[in-house]
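Each remark here refers to the structure printed beneath this line.
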Amino acid sequence: MRHEDAPQAEQTRTVILGVAASDSHVVANHLIAHALRARGFHVVNLGTCTPVAEFTEAHAEHPEAEAVIIGSLNGHAYEDLQELPVARAQGRLDCPVILGGNLSVGSNKESADIERLRQLGVDVILSDPELLPATLDELRERALARDTVAS
Amino acid sequence: MRHEDAPQAEQTRTVILGVAASDSHVVANHLIAHALRARGFHVVNLGTCTPVAEFTEAHAEHPEAEAVIIGSLNGHAYEDLQELPVARAQGRLDCPVILGGNLSVGSNKESADIERLRQLGVDVILSDPELLPATLDELRERALARDTVAS
Amino acid sequence: MTDPVTPSEPPELPSLGESLSYVRELGKPTAAEVLHTARAEGRVALQPRCGVGSHAQMTTLLQDLERHAAPDILTLTIDSHTRLKRFDNARAALLRNPADLNGYPLVTHGWLRGRQLNEAVRAPLEVRHGSPDARLLFRTAVASGITSFEGGGISYNLPYSKAVPLTESLAAWQEVDALCGDLARRGLVVDRELFGTLTAVLVPPSISLAVSVLEAVAAAREGVKCISVAYPQGGHFEQDVAALRAVPALAARYLPEDVEVHAVLHEFMGVFPRERAHAEDLILYGALVARLGGATKLITKTYLEAYGIPDTRANIDGLLLASRANSPLLDFIQLDEERIGHERELILREVAEIVEPVLASGDLHKSIATAFEEGRLDIPFSASRYARSEVIPRRAADGAIRYFASGSLPFSARTRKLNEQGLESDDGTRIGDMVKGLTRDINHFLNVFGESPTIPS
Amino acid sequence: MTDPVTPSEPPELPSLGESLSYVRELGKPTAAEVLHTARAEGRVALQPRCGVGSHAQMTTLLQDLERHAAPDILTLTIDSHTRLKRFDNARAALLRNPADLNGYPLVTHGWLRGRQLNEAVRAPLEVRHGSPDARLLFRTAVASGITSFEGGGISYNLPYSKAVPLTESLAAWQEVDALCGDLARRGLVVDRELFGTLTAVLVPPSISLAVSVLEAVAAAREGVKCISVAYPQGGHFEQDVAALRAVPALAARYLPEDVEVHAVLHEFMGVFPRERAHAEDLILYGALVARLGGATKLITKTYLEAYGIPDTRANIDGLLLASRANSPLLDFIQLDEERIGHERELILREVAEIVEPVLASGDLHKSIATAFEEGRLDIPFSASRYARSEVIPRRAADGAIRYFASGSLPFSARTRKLNEQGLESDDGTRIGDMVKGLTRDINHFLNVFGESPTIPS
Ligand code: B12
Ligand code: B12
């Protein structure tokens, strides 16, 4: 199971995938990468334990990436994404950031746990990875619409 | 397992045994009867479901009985002994009344449960049937002492 | 609840027809249907014991049990006064302090409140009591829309009263069974559960099952169509599984084909260990016996058993723990099938030897009463004068319950020998004080768990 | 507690000698002693996972668990930041909100607080973490008087980090093991538990055990005297029992005689069912596997597993339910010994084929690192770049975990064939999308209980 694969065609859509900095849960990451590839995406999979800086570096290498997709299972999403606001303010991560997994510590999740992640600059929070393709489509359409208006 | 047995000797001590009026738990009753008989007591065992009136009748038949020993397991001791105060006031039960078993409903026993049974006229409340012989001895000594003073 | 403690005036009982249409409108499955489905699905249906004096608290108790443990059937356990038709005492205790009652006085509360309870929960209800003469209670139960009723002319007499002749209790229960037959013909099958548990302590399996066979034959003759045969867990695994597995064979042998017969297990009914962990080991064990013995239903116990009537929490926990036995992950368990087969044969033979002479006679009721009189039928530790209790059970060294003395039971020489053999390896206990040994046998699970007995030893 | 969130200044670590006398004065048994006793008594020792950020709450958590469930060994589960030496992040989270941490940051709290925790409970403590380089954490643990420490140079690297070379982690763990050897020579045997659980999901038994054998050999060479081999319940009964029963044989084959080796079972570590009843079925099942497989210790789960770190109540309930497996009433259970024997043989052969070439070489560390590089050693779903994850496990139709692809593992033709046979009956799943099938296998217990998967299917 290689961590990156070659773009298949001209029109290939690229996404950057990874697991948050302190987090080594990898199974969902493997499966999501497979599922997106099966749908034709070029997946730059950074794997587990990926700090924000590594996502920005990958984005610099792949400026065509439509989105950065981050998984966090161990409950540490908030601490692991502390550098996200600065990175975004500096324009080093100017594509949508999608986050999913188990996003806070404990068995009782509160809406505040989600809210503070949005405030860090996460654009979309998903629970079901099956929704990823549709979400990516929608984000791209929105971006295209925005670009059309802007140009 | 007969319910009464013949007095064995002149000096035989008699007790009246039974289970309270609404109560059919009989196993402890059988075992207590056996144990007292093994110690030489003449046990008039009235068995289960014995109303206060039946105890007084037995006492009338066996005025020599040292004590009436009542078991109650089903939690109904208080209701089942409601007629005890009248019977005692009328002198129809003028020997010590010993009570044992599971004396109130529920798994949490409170001292009030015991207190109100004493107020009905129960003299001794025991939990461990092993203490019966020693208790009977003590009650007899007390009675003898009282008789000596009285005469 | 603003209801008064007892209704001011006991409402008159409705007709059977009215009750029948009430049950139909109620829109819940009958107990018989729930049992049928459980068996078809290979699941053990679970049922707690539960009954408190207050109507309001009884309602809450049933609802809490359903919400947190969803038992398949719920119980109204009736108080001891009502059982013995001491209705005045039930009313007095209810007025003084409902918490003094060890069960729900259904006759005193009345059938309208019975319907309220029925409507408060989804599961069908069973009335569990212990009444030698339950005619009024049964009519009240039917009027309440209750579709399962426990008891029988032997099993709700001998363990539960002192001075009711068997002919009387058998006649009273014949009326109950006849009404069930009537209802069945009119489309409502009431589950009639027989209390093979008897005096619960050291009951030899064949005594339990023999009494149930006789009651079942009597009930079937009156038209009863759903019979649950309750058996009390004795504590020896293979013997208990064998007893449960004997039930279908007995049904095939002694009952008409159109009667649906279920085996029901009562989790251990004797002296329970006091420590919660030990009690829970025993609860799980019982539940596993039910599953592996193929019981349709399990009546659960709680970790407060040794102390008194359990609180709701303990009752829920008992149900939840027992429900683990329905786990789909236990198929790895294999049993000593040879030993089970051997025990089952022994049980079936003993039951045959006990019941067949009684069934051979013309008048079943009279024949039962006479047999008890003469000791050809008997139970250990009878609460009643109408059984001799010459039968003395003991545990063999391996924990199995055997006949130490079989009194006047019409056992064959072979059966006697097998029982003696069973106890033979029990070296030491035949010598010395029999009562001492019996007490040790009664305290079996205290010994297993190293808890001190509280009775002379 | 009036303690500040973190100590103002991390206290300097005491000498090994001082720590040694502290442990002696502590007056509680070591983890190794508790394990030894449990095995001697034929009991499965129980241990929860537990760790929260706040020192005060950690103290209460340990005490509550001990009061209500009395586990044999208690745990300090360490937070993910500390595991990866992200001490600054641990401190930041601790200052912001201790509840944001998924474990107890022992290094940040410091060894004096570690001692406070140790003194707050009777049971010995184990540190459970997941650190490729645990040297500082280990020193802090020893200074805290903690007598059991989990991990190893392979098992705490590959599942727990992305970019730490195996030679580095092996070297770091060699230091830990050498210190344990030192302590053992000075009279304190620290239990070193190896994390054979690895990535927990669909781990083939022989991969788990092969990694443990290699780590155990490395540890024993440094003088470690008590080794716990943890194995993750895979979900197939006979296979799991066989794996546990393989541990003594592996110890006899590959380890010096004076090392005490215990088999430890982790209750199912994969996708847990969400419904409480289903989760509890699985918890009890795991506990029974531990008992019947002869595990010395069981690490428990809770009915909140699918949701997140459990609250204290759920943790207690999980321990209490698991403790039923120590019931003296389960001796009736018999197993399919033939199948177990067959699985055990297969496992032992596979382990031998995997480890023996690696052990044969001179430099164990280098040989391990190279083998992983070349795929002769491998684990599925590696979190690290330093394993290939060419091994693809699948479930056979009966639920057993087999090698669908064994990558470059040096398996004999026979082993390969047996694995293919195992999957052969798995009709249908070899055809069609492999990932789809893999997902179904991962969701095994959801399927068993009829819960819907939450991942694409
Ligand atoms: C067997 C049993 C039955 C059998 C009884 C058969 C029979 N006829 O004997 C059956 C199944 C019929 C039965 C029925 C009922 N039972 Co019942 N039964 C038990 C059980 C399981 C064992 C009792 C027993 O035989 N123990 C063995 C003997 C040797 O000991 P013992 O009776 O416990 O007595 C000990 C002490 O109390 C003491 N002792 C007893 N009597 C005396 C007398 C004296 C003078 C002294 C000093 C000491 C003493 O010595 C004994 C040894 O320590 C107990 C629970 C348990 N596990 O202990 C419940 C229990 C006693 N039953 C109980 C109840 C409530 C009933 C019912 C009312 C049904 C219901 N509502 O649940 C009916 C009673 C109907 C009626 N009219 O009385 C409750 C009592 C609850 C309470 N007090 O809060 C108990 C505690 C179960 C429970 N936890 O709910 N029961
Ligand atoms: C396997 C496992 C492990 C393995 C991981 C091996 C590996 N390297 O992958 C091991 C044993 C190493 C492990 C370690 C730890 N784990 Co862990 N682990 C699990 C477990 C049992 C299964 C996870 C899994 O693989 N599931 C299968 C995959 C396919 O699904 P998934 O990961 O659950 O993800 C689903 C969704 O979240 C979503 N999803 C996931 N990622 C993404 C990303 C996007 C973008 C989207 C849209 C969706 C999405 O899709 C998946 C399908 O529904 C879960 C509990 C459980 N039963 O679910 C705990 C669990 C995730 N672990 C947990 C924790 C805390 C840890 C530890 C920190 C130890 C600890 N303190 O207990 C360490 C982590 C160390 C670290 N540095 O991160 C907690 C998280 C708690 C919380 N958030 O409150 C859980 C929930 C267990 C628990 N109940 O306490 N763990």
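All values below come from the heavy atoms of this structure, side chains included, with hydrogens, waters and symmetry mates left out. Here is how names work: the chains are called A, B, and so on, in the same order as the sequence lines, proteins then strands, and each is numbered from 1.
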Self-check item: Residues, nucleotides or ligands: over 12 heavy atoms within 6.0 Å of Glu138(A) CD
Solution: no
Practice problem: Give, as side chain, backbone, both or neither, the part of Arg96(D) having an atom under 4.5 angstrom from any heavy atom of chain A. | Solution: side chain
Practice problem: Apply side-chain contact (heavy atoms from CB on, under 4.5 Å) to Asp80(A) and His81(D), showing your working. | Solution: CA-CA 9 Å; Asp80(A) 284 349; His81(D) 298 304; 3.2 Å; yes
Practice problem: Please name the pair of heavy atoms, one in His30(A) and one in Ser382(D), separated by the smallest distance, quoted to 0.1 Å. | Solution: NE2-O, 3.8 Å
Quiz item: Pick one: which of Leu438(D), Leu202(D), Val201(D) meets side chain to side chain contact (heavy atoms under 4.5 Å, CB included) with Val27(A)?
Solution: Val201(D)
Self-check item: Proximal component of Ala93(D), with respect to chain A [non-hydrogen, under 4.5 Å]
Solution: both
Self-check item: Arg39(A), CZ: over 12 other non-hydrogen atoms inside 6.0 angstrom
Solution: no
Quiz item: Between atom SG of Cys49(A) and atom CZ of Arg385(D), what is the distance when rounded to the nearest 0.5 Å?
Solution: 10.0 Å
Practice problem: Please name the pair of heavy atoms, one in Thr48(A) and one in Ala383(D), separated by the smallest distance, quoted to 0.1 Å. | Solution: OG1-O, 2.9 Å
Quiz item: Which heavy atom in Leu101(D) sits nearest to a heavy atom in Val105(A), and how many Å separate them?
Solution: O-CG1, 3.7 Å
Exercise. Select one option (side chain, backbone, both, neither) describing which atoms of Asn74(A) are under 4.5 Å from chain D's heavy atoms.
Key: both
Quiz prompt | chain A contact via Leu304(D) - which portion, at a heavy-atom distance below 4.5 Å | solution = both
Quiz item: To the nearest 0.5 Å, how far apart are NE2 in His25(A) and CZ in Phe381(D)?
Solution: 13.5 Å
Self-check item: Beyond-backbone contact of Leu31(A) with Val435(D), side-chain heavy atoms, under 4.5 angstrom
Solution: yes
Quiz item: Would you say the side chain of Lys162(D) lies within less than 4.5 Å of the side chain of Leu46(A), judging by non-hydrogen atoms?
Solution: yes
Quiz prompt | Contact leader toward chain A among Asn89(D), Asp311(D), Thr199(D), Thr302(D), where contacts are heavy-atom pairs under 4.5 Å | solution = Asn89(D)
Quiz item: Any side-chain donor paired with an acceptor under 3.5 Å for His76(A) and Asn102(D)?
Solution: yes
Self-check item: Option that, when pairs with chain A are counted at under 4.5 Å, heavy atom only, ranks first among Asp79(D), Asp100(D), Asn97(D), Val52(D)
Solution: Asp100(D)
Quiz item: Would you find a donor on one side and an acceptor on the other, under 3.5 Å apart, between the side chain of Ser107(A) and the backbone of Gly308(D)?
Solution: yes
Quiz item: Counting distance only, does the side-chain N/O of Ser24(A) pair as donor-acceptor with the main-chain N or O of Ser161(D) below 3.5 Å?
Solution: no
Quiz prompt | Check: Asp23(A) main-chain N/O paired with Ser80(D) side-chain donor or acceptor under 3.5 Å | solution = no
Practice problem: Heavy atoms only, distances under 4.5 angstrom: which of Ala21(A), Ser104(A), Gly75(A) has the most pairs with chain D? Name it, please. | Solution: Ala21(A)
Quiz item: Rounded to the nearest 0.5 Å, how far does OH of Tyr307(D) lie from CG of Asn108(A)?
Solution: 11.0 Å
